[in-house]
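Written below as structure tokens is the structure these notes are about.
Start at 1 and go down the list; that is how both ligands and their atoms are numbered. Quick caveat: nothing in here was measured; it's all calculated off a predicted structure.
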Amino acid sequence: MNSTRQTVIAGNWKMHKLRREAQEFCRHLLANLEEKPAASVILYPSFPLLADVATALDDPRVSVGGQDIHPAASGAHTGDVSGPQLIDAGCSWVLCGHSERRADHCESDELVARKAEAALQHGLTPMICVGETAAQREAGQTFEVLDRQLAAVFSQDFGEFALAYEPVWAIGSGLSATPELAQEVHAFLRQRLSDLVGPEQATWVPILYGGSVKPENAAGLIVQPDIDGFLIGGASLDPDKFLAIIRQAAPAA
Ligand code: PGA
């Protein structure tokens, strides 16, 4: 973690929780969160929970985001959700290109780029997810894959965003990347972003790690110089685990 950059701790609830559980989580989170947390905190609930969560979290310490966005502002796209609808539901962030969407919904790099553009156009901050599969890592293609995923999305004059490195083999597997491995990739991503969006923005952009982050492994990851926070799936469903990770984001005194 670099003290000049904003630390971001985000919870990706995926297709979990019902409204009552979500409201209970939000009450517990706000009651136990520090008055001035060291990190920006974001929750990404599924679409039917968004408005409830945004209302329950009407608090400057926590932001709400959607898990996906359609590139169009409105139209005949059954099952999709647009940027203006996300804003209307209380979102300020949106995930773009999560590996589960890339895999389950055949999202191409090009579609992820259009989603990120739509987010910016509608005033949402995109959190763009990249990461290699186990097969790609074993074949020595990690940096090539990441390079392709970045080059499809970013160019000069890109708006404000966050990047999440989520190795697909680490998601939901219990097998987190080691701090050294994650740092190596994050340094590579920042260097490539510097080429694509310019050195100044690349210096400031938060690059989050995601993939089996838990209270037990967060401390070793967050001290790495290019890891600026986490995108957390499983452990973000339990407010006490999520809070324990947020507390570890405090800069060393
Ligand atoms: P996980 O998920 O923390 O359960 O591995 C991370 C993610 O997919 O965002």
* Output all residues satisfying salt bridge (Lys or Arg N to Asp or Glu O under 4.0 Å) with Glu24, sequence neighbours left out; order by chain, then residue number. => Arg27
* Ring geometry between Phe188 and Phe143 (parallel below 30°, tilted from 30 to 60°, perpendicular above 60°) -> perpendicular
* Parallel under 30°, tilted from 30 to 60°, perpendicular over 60°: which one fits the rings of Trp13 and Phe25? -> perpendicular
* Return the protein residues near ligand 1 (heavy atom under 4.0 Å from any of its atoms), ordered by chain and residue number. => Asn12, Lys14, His98, Glu166, Ala170, Ile171, Gly172, Gly211, Ser212, Leu231, Ile232, Gly233, Gly234
* Please, which pairs that meet ring pair (Phe, Tyr, Trp, His ring centres under 6.0 Å) have at least one residue in residues 76-103, sequence neighbours excluded? -> His70-His77
* **Test side-chain contact (heavy atoms from CB on, under 4.5 Å) applied to Phe47 - qualifying residues, sequence neighbours left out** => Leu50, Asp68, Val81, Leu86
* **Separation of Ser236 OG from Ile42 CD1 (nearest 0.5 Å)** => 12.0 Å
